[in-house]
Structures are given as structure tokens and as C-alpha cells.
Amino acid sequence: MSDDDLVSRAQWGDLQGQNWAVLVRLSTDEGEDDEESAAEPGALGEAAQRRGPMTGRDIKSTSEQERDGRDFIDRHGGRCVHVYYEPDTSAWRKKRVRLPDGRVIYRVVRPVFEGALEDLKEGRAPKGERLDGLIVYDVDRLTRDNRHLEDAIDVVERYRRPIIDINGSLDLLTENGRATARVVVAMSNKQSADTARRVRRKHRALEREGIPTGGARPFGWAEDKRTLHVSEAKLLREAALGVLGGAPIRAFTTRWNEQGVMTPRGNRWSTTKLKTVLRNPRICGLRSRKSREFNPATGSENERWEIVYDDKGQPVRGQWQRIITDVQWKALLEVIGENMSPGTGHNTRKYLLTGTLRCDKDECGTPHRAYKVPASRATGKPEGFFYYGCPDKGQGGCGGGTKIPGPDADRAVTELVIAKYEEEAAARQAQAAPKEWGREEELVRVREDIEEAKEARRLRILSKERYFAMLQELTSRERQLVRDRNRWIKHQVAAMGKPVDLRSEWHDLTLSEKRAYIEQTLTAVLVAPAVGRRKPVHTRLTPLFREESAQRG
């Protein structure tokens, strides 16, 4: 059978002796990502349950679309050889895509759909069967994006592989049908855009009233998203106050994972996830939303939480119980921002100082490894005794000379870290921040200047060039003032709070938690060659403290 015969027969509904595939898609075009918790892909039907149908066509589940497609093929004499599933997939919403040349573009991303078109071009289904054509329920199940429609038209025109629907509304086999399809897809695209706009407007109204919206429940709150989940709220409060007291975030995520504490979606914790929760103004009772900022210089898109303000410019209070105070949250935000770069200790290392100790012989700098002493040579040494040492030259080291007893090194560095932590805690307690922040009026004036500049631009008093130059300068000053105020708040909170008693808690910490404290305090510890005998281990160690550690107070 020639390719032209395929198109001609499909045009008249004759699929006798042909192999066809079915494309089924469950739409998410009618909803919008929740501002409090981005939805994750899930099982078939999740999108419909989460957002609700918008039209009669959207009620069609993937199983119904598949059944209808198979029935159509059977009734017209064809054979279904494959079903392409697109669960919870938008045929309209664009995503950021980085091209091989580094440029960033926004495109609708549908790998299943694109794979189906490639299979049609090859005339071969995923399992190797001959593939003659593709069938969908109707045109908006195929696409709501004109680029993808043109790709589908290209397959029909150039590769002579028919794409049809069971309702007869999709006709890519004739010029008139293709023109009609372009109009229908354009209208479907507009319908999705209109619906998204209505959903956004609804969300903004809910935000102004402080009403929590859909998505998974936030960690720390019950299913109603208003009342506290007693055990989770306690854990979150302990983590927030612990970080304010100087503890690394990894200490809490490690402990939670070992205790079996999961995220609301049933996943393990990471420092990134916990920081996201701690940065969310919801924790102190304020209504928030996610903001995405695109940086054209780097091509990156940054996501951050922002507070929702009412018409009077006041922060909106959410209709839920808070876990910490506003002052504590602002101080916490400042601490988290300052402690992004230190290592967090999440690794599978079995020894306390691997990755921290480095060889100082002839400025070698190679990380030490742990070497367990064989039983045959462990006479007079406790079971499990080990050394830290520089690897041989064939393994990237300098061949030795800086070997050091492991248990002694662990004790010496542990004492260094605890002593440094106690020194910083004492400094935080002793450092008295001013009772009042003295630049509040300056911040108010800057914000008034920003509003006046916006009004002047609206009235066309300021040129666009002058307005943006002023806005950049004013917003920069505002950020500096806010940061200065947050530092002041952090000092106030740190002076009032009780630091973690690291010395008494050390032996109860897990290895990962101990490593987190070490990596937050030290960039490295240099090990000098042994000179003479019976000199204390600590005399061979040169600690290199993190600058951030010295400034944490």
C-alpha cells in the first residue's frame, strides 16, 4: 500500500489492514500551579481530581479516550498496535528551555507527543510494529499550541502519515481541513489563556483574604492547612530556633530522615527542601506566593517567596496558626541567606574527618583518607583502630609522611569545633544590639520615593529611561536597608535566644550531624609531617575556619 493510499483511505474512514496508534492526554490546561505548593506529576486522573473539568471534552479520562480510540480503529477495519499516554500534560503551558547554543526559549514541552510524531515519520511503533497513522479523541487532545500543530501537519504532508480524530473535527489531510485546524487550535489556545487568567484572578482574591489554596498540605499544618500538625510544627519550630542558635540545617534534615519523618508528599528531606519551608512567610502566619524572576543575562529563572500585601500596603495575615514570630522569621531569613555556601555534610563517608583533613607536606593539599589497621598489625591498639593519611603518588597524593592516628585527630578537631562554636555563642550573647533600629524613617522615605516615581511614570512626567534609572537606584537602596534591618533583627533574636549546647549534645549526634557542624565551621584542617615523637596530635593541625563561621554572630 502506498503512502498516498494511506492518506486517501484514512480520509474516507477506511483503515482496513492498517496499524494505528492512539494518543490520549489528560489536560492540565485549565488549572494553574498553586502558589503555596507546586504540584508534582502523579497517577492518571490526578489533574482532573485536583483542578476539576472545564468542558465536556475534559471529562474524558485517559481510559475512556483509549477505549473510544480502539473502538474506532476496530470498527473501521484497522488494528491498534500502541497507545501513547500523556498523563497530567499541558498542551498549552510553556516551559523554559535552554538550547545547545546557550540561548533560552519558552516552548510547550511534550516528549510523548513529540516521540509519537517521530515514530510516525519512521513508520514504526515503539515495539517494532509497522505504524500507519495516529488517532486522537479530538483536536484539542492533539494540541493547543500552533507550533505543535505545524509539526503534526508536517508529518501528514511530508511523510504521508494520517493523523485523525474520532469526532471528525480534525482534518489534516486536506488544505481546507488544515486551515480549519489552525483556527480551532488558535481558539483553544485563547481558551486556555482566558481560563488561566481567571484562575490567577481567583488566586489573587484568595491571597488578599489570607485563604490557603490547593495542593499538598504544608509541612507543619493539618489537612485543613489552618490548624497546626502538633508533631510536625514542633519539629519545624525546633529547626527554626536551632538554626538561629547556630546549628546547621543538615543536622535537622539528617535527624528527620533517620527518624522516618517525611515531607507531605512522602519524600525524604534535604537541606534545599527545609530551607524552602523556612523561607516561606507562612511559617510566621503571613500569606505568601511564589514569584519567578527571569534573568536575561544568565538565562536563569529564580524562584522565591514573596509576602502578599493588601490594598493599604500591609502584609496579609493568613487564616492559619503561626509556628514562629515575625521577628524570628526575619532573623531566620538572614541566617539562611548567609549560610548558603558551607558544606552540609550529606555524604556517605564513614569517618568524621575524611574530606576535611588535608596534607600540608610541601603544600601538597591532597585530602587525607582513612586507613583501617589490619588485625595482624593492630597489637596493643583497640579494635577498629585507624589512621588518616595522604594517598600514595599513584593515587594523587605525595606518598605519606603526614599519617596521623584517627581517634586522636577526631578528638582534637571535635574540641576545635566545639570551642569555636562556644566562642561565637558567647559573643552573640554578649553583643548588645541597639534597642531600636535607627534607619526606619530612611526606609519609609525610600519606599515613598519608589511609589512617587511609579506615579510620575504613570502620568508620563518621567521618561522611561529616567524612571528605570531612578527605580534601579531606589530599589537597590531599599534592599540594602532591608538587609541592614534584618541583620539588626538577627542580633536581637540571637541575644535573646539560647544557643545550642553543642558540648553536651555532641555524643548524641549522628556522624552526619557532626560532619555538618565541622563543615560549617572549617574549610579544611592541614596536617603537618610528624617531627619527633610523642608530641600531641593537635600541634600538627592547622585549622582553616570559614569566614562565614566567624561572622555568624
Side-chain angles (χ1 to χ4, degrees), residues 3-15 18 20-30 54-60 62 64-66 68-69 71-73 75-76 78 80 82-86 89-94 106-123 131-196:
D3 292 339
D4 285 336
D5 285 342
L6 278 176
V7 174
S8 176
R9 289 174 58 185
Q11 190 172 354
W12 294 100
D14 179 11
L15 311 185
Q18 301 173 25
W20 282 68
V22 180
L23 173 68
V24 297
R25 181 178 66 84
L26 188 63
S27 175
T28 60
D29 292 326
E30 291 71 36
M54 295 299 296
T55 69
R57 289 180 304 214
D58 296 317
I59 296 175
K60 284 288 183 184
T62 51
E64 290 174 313
Q65 291 179 48
E66 178 186 351
D68 291 347
D71 288 347
F72 182 91
I73 295 170
R75 287 198 314 271
H76 292 79
C80 180
H82 189 72
V83 178
Y84 294 95
Y85 290 101
E86 284 192 294
T89 301
S90 173
W92 167 77
R93 192 179 305 280
K94 294 180 175 63
Y106 281 80
R107 292 289 186 269
V108 176
V109 178
R110 292 177 62 193
V112 174
F113 168 81
E114 291 159 5
L117 295 189
E118 290 301 317
D119 290 344
L120 277 176
K121 293 176 184 178
E122 296 290 333
L131 182 60
D132 298 317
L134 181 70
I135 189 168
V136 295
Y137 184 75
D138 70 7
V139 62
D140 81 343
R141 297 302 90 185
L142 178 69
T143 183
R144 293 189 178 194
D145 176 68
N146 287 96
R147 285 192 183 93
H148 278 168
L149 176 63
E150 293 304 323
D151 290 340
I153 290 174
D154 188 63
V155 169
V156 176
E157 278 192 302
R158 297 183 183 276
Y159 294 87
R160 310 305 292 167
R161 303 291 179 189
I163 300 176
I164 62 176
D165 71 338
I166 66 175
N167 294 324
S169 59
L170 174 64
D171 176 15
L172 304 183
L173 311 177
T174 65
E175 285 298 336
N176 287 339
R178 288 190 279 272
T180 301
R182 291 182 176 108
V183 173
V184 171
V185 168
M187 295 306 297
S188 295
N189 188 288
K190 182 180 184 303
Q191 180 191 39
S192 292
D194 290 343
T195 303

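These numbers were taken from a predicted model, which means no experiment stands behind them.
Under the rule for a side chain to side chain donor-acceptor pair (under 3.5 Å), the partners of Glu150 that lie at least two apart in sequence or sit in another chain are Arg182. Residues passing the side-chain contact (heavy atoms from CB on, under 4.5 Å) test with Thr174 are Gln11, Asp171, Asn176, sequence neighbours excluded. Every residue two or more places apart in sequence or in another chain that forms a side-chain contact (heavy atoms from CB on, under 4.5 Å) with Val109 is listed here: Lys95, Val97, Pro111. Residues meeting the side-chain contact (heavy atoms from CB on, under 4.5 Å) test with Ala181, sequence neighbours left out: Leu149, Leu170, Leu172. Here Asp14 pairs with Arg9 under the side chain to side chain donor-acceptor pair (under 3.5 Å) rule; sequence neighbours left out.
Nearest approach of Gly13 to His76, heavy atoms of both residues: O-CD2, 2.8 Å. Counting all heavy atoms, side chain and backbone alike, Ala152 lies closest to Leu142 at CB-CD2, 4.3 Å. In terms of heavy atoms, Ile73 sits closest to Cys80 at CG2-N, 3.9 Å. Nearest approach of Phe72 to Ile135, heavy atoms of both residues: CD2-CD1, 3.1 Å.
Contact check for Lys190 versus Arg144: no side-chain heavy atoms found under the 4.5 Å cut-off.
Atom-to-atom distance recorded for Asp140:CG and Gln191:CD is 7.0 Å, nearest 0.5 angstrom.
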Given the rule in the side-chain contact (heavy atoms from CB on, under 4.5 Å) test, do Tyr137 and Asp165 qualify, once you have shown the distances and angles that lead to the verdict? CA-CA 5 Å; Tyr137 184 75; Asp165 71 338; over 6 Å; no

Run the numbers on Arg110 and Asp145 for side-chain contact (heavy atoms from CB on, under 4.5 Å), then give the verdict. CA-CA 11 Å; Arg110 292 177 62 193; Asp145 176 68; over 6 Å; no

Take Val139 and Val185, measure what side-chain contact (heavy atoms from CB on, under 4.5 Å) needs, and give me the verdict at the end. CA-CA 7 Å; Val139 62; Val185 168; 4.0 Å; yes

Worked verdict on Arg161 versus Asp132 for side-chain contact (heavy atoms from CB on, under 4.5 Å): CA-CA 6 Å; Arg161 303 291 179 189; Asp132 298 317; 4.2 Å; yes

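When only modelled atom types and interatomic distance are considered, Tyr85 and Glu66 share a side-chain donor-acceptor pair under 3.5 Å.
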In a table with atom names and distances, give each donor-acceptor pair under 3.5 Å that connects a side chain of residues 113-120 to protein atoms at least two apart or in another chain.
| unit_1 | atom_1 | unit_2 | atom_2 | d |
| --- | --- | --- | --- | --- |
| Glu114 | OE2 | His148 | NE2 | 3.3 |
| Glu118 | OE2 | Lys121 | NZ | 3.2 |
| Asp119 | OD2 | Tyr84 | OH | 2.6 |

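Leu23 pairs with exactly one of Arg141, His82, Gln65, Glu86 by the side-chain contact (heavy atoms from CB on, under 4.5 Å) rule, that one being Glu86.
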